[in-house]
Peer 1: 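My questions all concern the structure below.
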Amino acid sequence: MEWGLQNRLSRIIQPSTGRTVMLAVDHGYFLGPTTGLENPRRTITPLLPYADSIMLTRGVLRTSVDPDKNIPVILRVSGGTSILKELSNEVITTSIQEAIRLNVAAVTCSIFVGGEYEKQSLANLAKLVDEATPYGIPVLAVTAVGKEMARDARYLSLSCRIAAELGAHFVKTYFCEEFEKVVGSCPVSVVIAGGKKTPEKEALQLAYNSVTQGAVGVDMGRNIFQSEDPVAMIQAVRAIVHQKATVDQAFDLFQTKKSKR
Ligand code: R5P
């Protein structure tokens with residue numbers, strides 16, 4: 001792999017553990033001011049010391065993260081839709097020049113396999129790979145799942161494999177039964193999304209299951225920033241991802257950190 005691309009990837013997936021805790025705060029690009037992200041700066045700032053990277057749009061990056069924080073940025077460059085319309089109808093919203101100007105570690109877009117605009121979203125990914133790779137910028141493909149799709153190993157394997165075949169350097173997907181099959185048939189690294197907010201211990205179990213079944217880490221949003229104590233929660237997630245903590249150990253850590261704040 002080319003040096004610059006490898007260098008950027010190693011800022012995201014930590015060479016010391018081979019794993020990563022990515023903080024996803026890009027939800028506003030189609031959800032608007034979702035719970036917990038009404039004021040992005042207030043939510044993001046205390047979490048930065050515990051995240052290996054942050055996934056967000058250029059608008060929130062510019063307004064809500066100070067450039068001297070030096071956190072690796074995964075820039076969300078697809079969008080153009082809202083929850084009021086067909087979500088799969090995405091286009092690329094941010095140029096590669098802008099990504100370079102913002103000194104990003106990677107760019108990311110969603111694909112909607114089986115969705116109404118499947119072809120358009122896959123073309124977005126392929127074009128993004130063509131545009132980003134010459135500058136050594138890795139591309140993260142997010143396998144979005146429409147309401148009508150089953151989040152099972154068969155469907156997620158299909159989506160992840162297509163993302164990798166089109167040139168994505170790593171893929172973000174959902175955890176599912178037989179998750180090893182998804183990871184085993186995807187030739188690039190896989191991270192998992194946290195999904196809707198669940199009780200903290202369940203979210204920690206999800207992180208544990210994912211990394212013990214082959215994911216290189218998590219790209220978690222709502223289960224961190226909607227937690228009753230986001231700073232305690234991200235530290236508990238880190239313990240699982242980087243320190244091989246059990247779910248019980250991580251949950252104890254969450255409760256200890258929470259009680260001290
Ligand atoms: C969704 O398309 C966004 O990319 C989110 O970043 C993603 O869903 C991960 O966040 P969460 O853990 O809240 O599911």
Side-chain angles (χ1 to χ4, degrees), residues 12 20-38 40 43-44 47 50-61 64-65 72-83 85-94 104 106-113 115 117 121 124-125 128 139-147 149 151 156 159-160 163 168 170-176 190-200 202-211 215-227 230 233-234 236-238 240-241:
I12 302 165
T20 185
V21 174
M22 300 163 62
L23 175 65
V25 286
D26 59 326
H27 305 59
Y29 91 94
F30 69 99
L31 284 174
T34 196
T35 306
L37 286 179
E38 296 90 342
T43 302
I44 292 169
L47 296 172
Y50 308 103
D52 295 319
S53 65
I54 188 167
M55 175 168 166
L56 74 182
T57 58
R58 62 175 161 187
V60 169
L61 180 63
S64 310
V65 182
V73 169
I74 320 294
L75 190 68
R76 157 70 66 178
V77 300
S78 69
T81 59
S82 80
I83 38 167
K85 291 280 193 179
E86 169 54 43
L87 284 179
S88 68
N89 194 11
E90 285 196 352
V91 294
I92 296 297
T93 52
T94 308
V104 303
V107 288
T108 186
C109 74
S110 292
I111 59 169
F112 296 79
V113 171
Y117 291 87
S121 72
N124 287 342
L125 172 60
L128 189 59
V139 176
L140 170 69
V142 175
T143 69
V145 182
K147 285 193 191 88
M149 310 295 169
R151 285 189 192 188
L156 296 174
S159 291
C160 290
F170 57 137
V171 175
K172 165 173 166 173
T173 194
Y174 291 93
F175 183 75
C176 61
V190 174
V191 294
I192 62 103
K196 282 189 182 153
K197 173 78 177 72
T198 56
E200 276 75 6
E202 274 180 41
L204 293 171
Q205 184 75 56
L206 176 81
Y208 180 85
N209 291 347
S210 303
V211 294
V216 297
V218 301
D219 186 12
M220 197 174 263
R222 289 163 288 181
N223 275 294
I224 292 174
F225 64 72
Q226 292 176 353
S227 166
M233 185 59 180
I234 195 171
V237 171
R238 270 198 91 77
I240 285 177
V241 171

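Both ligands and their constituent atoms are indexed starting at 1 by order of listing.
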Peer 1: Does atom CZ (F175) have a neighbourhood of more than 12 heavy atoms from anything else shown, all under 6.0 Å?
Peer 2: yes
Peer 1: I'd like to check M233 versus V237 (side-chain heavy atoms, cut-off strictly below 4.5 Å). Are they in contact?
Peer 2: yes
Peer 1: Applying a 4.0 Å heavy-atom criterion (strictly less than), which segment of N223 is in contact with ligand 1: side chain, backbone, both, or neither?
Peer 2: neither
Peer 1: Is the shortest N/O to N/O distance between H27 and ligand 1 below 3.5 Å?
Peer 2: yes
Peer 1: Please check: side-chain N/O of S78 versus main-chain N/O of S110, any donor-acceptor pairing under 3.5 Å?
Peer 2: yes
Peer 1: If you measure from OG1 on T34 to CD on Q226, what distance do you get to the nearest 0.5 Å?
Peer 2: 5.5 Å
Peer 1: Which residues pass the side chain to side chain contact (heavy atoms under 4.5 Å, CB included) test with S121, sequence neighbours left out?
Peer 2: I111, F112
Peer 1: Give yes if a backbone or side-chain nitrogen or oxygen of G221 is under 3.5 Å from a nitrogen or oxygen of ligand 1, and no if not.
Peer 2: yes
Peer 1: Taking only heavy atoms of R222, which atoms of ligand 1 are found under 4.0 Å from at least one of them?
Peer 2: 11 (P), 12 (O), 13 (O), 14 (O)
Peer 1: Counting from 1, what ligand 1 atoms have a heavy atom of M220 closer than 4.0 Å?
Peer 2: 12 (O)
Peer 1: So is G195 polar-close to ligand 1, meaning N/O to N/O under 3.5 Å?
Peer 2: yes
Peer 1: Which option wins on minimum heavy-atom distance to atom 7 (C) of ligand 1: K197, R76, K172, M55?
Peer 2: K172
Peer 1: Which of the atoms of ligand 1 are close to A24, meaning less than 4.0 Å from one of its heavy atoms?
Peer 2: 6 (O), 9 (C), 10 (O)
Peer 1: Work out which heavy atom in L140 is nearest to a heavy atom in I74; give both atom names and the distance.
Peer 2: CD2-CG2, 4.1 Å
Peer 1: Is R238 positioned over the aromatic face of Y50, cation under 6.0 angstrom from the ring centre and no more than 45 degrees off axis?
Peer 2: no
Peer 1: Under 3.5 Å, N or O to N or O, is D26 touching ligand 1 that way?
Peer 2: yes
Peer 1: G194 versus ligand 1: do any nitrogen or oxygen atoms come within less than 3.5 Å of each other?
Peer 2: yes
Peer 1: Apply the test side chain to side chain contact (heavy atoms under 4.5 Å, CB included) to residues F225 and L37: give CA-CA distance (whole Å), side-chain angles for both, the deciding distance (0.1 Å), then the verdict.
Peer 2: CA-CA 8 Å; F225 64 72; L37 286 179; 3.6 Å; yes
Peer 1: Give the atom numbers and elements of ligand 1 that come within less than 4.0 Å of a heavy atom of D219.
Peer 2: 9 (C), 12 (O)
